[in-house]
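In each ligand, atom 1 is the first atom listed, and ligand 1 is the first ligand listed.
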Amino acid sequence: MQAILIGFMGSGKTTVGRLLAQTLVTQHADLDDLIVESAGTPITTIFANYGEPYFRQLEQQTLINAIKRPGILSTGGGTPTVAANAAVLKRSSVPVIWLAATGETILERVQNDRSRPLVNDLDTESLMTLKRQRATLYANAADLVIHTDQLSPQEIVGHIVSWLTASHLVARA
Ligand code: S3P
């Protein structure tokens with residue numbers, strides 16, 4: 001992978017990942033999509049039928065395989081919060097970019113989306129507590145943090161490409 005995007009649910013990892021891959025003329029992979037593909041069933045069904053620990057096993061194995069591929073990887077909101085996954089990210093030496101957003105922004109984006117089991121199961125307060133707890137873990141995993149609230153996906157991609165270029169991680173256009 002050329003870059004990995006992390007962040008809480010609704011932080012824009014998939015949208016920005018796709019656009020970043022387009023901009024860098026490379027492939028994009030979404031970890032959740034890869035998990036769904038290999039399990040042959042939606043994430044809500046995996047959680048409901050087999051539980052979160054089983055989902056985390058699938059996630060870890062999928063991450064280990066995905067990280068070897070070229071392109072941009074959008075992770076799931078919980079991916080870097082599992083110690084084994086955080087270790088995989090650190091060992092890979094692929095730049096990890098945290099798309100940070102305020103609670104208000106996140107809630108606006110995820111509240112009416114029924115495809116996220118944790119959003120379905122947790123009330124607003126518990127979801128915001130989870131977001132606070134995860135912030136340190138995202139910070140520990142990240143090489144770059146972008147506060148996305150006031151930025152369009154294009155602007156976020158612009159920041160990422162400038163940073164990758166300045167860090168000599170992509171060739172100057
Ligand atoms: C999760 C986030 C989801 C998905 C699963 C668990 C989490 O991904 O991996 O529902 O623990 O935050 P998104 O961040 O893409 O919604």
Who pairs with Asp113 by salt bridge (Lys or Arg N to Asp or Glu O under 4.0 Å), at least two apart in sequence or on another chain?
-> Arg116
Partners of Gln22 by side chain to side chain contact (heavy atoms under 4.5 Å, CB included), sequence neighbours excluded?
-> Leu19
Kindly say whether Pro80 contributes a backbone atom to a donor-acceptor pair with the side chain of Asn85 at under 3.5 angstrom?
-> no
Expected output: side-chain Ser167 to main-chain Leu169 donor-acceptor under 3.5 Å | no
So Phe8 and Tyr138, would you call those rings parallel, tilted or perpendicular, with 30° and 60° as cut-offs?
-> perpendicular
Can you tell me which residues line ligand 1 if we count any heavy atom under 4.0 angstrom from one of its atoms, in chain and number order?
-> Met9, Lys13, Asp32, Ile43, Phe55, Arg56, Gly76, Gly77, Gly78, Arg116, Pro117, Leu118, Arg134
If you look only at pairs with a residue in residues 52-68, which of them pass as a salt bridge (Lys or Arg N to Asp or Glu O under 4.0 Å), with sequence neighbours excluded?
-> Glu52-Arg56, Arg56-Glu59
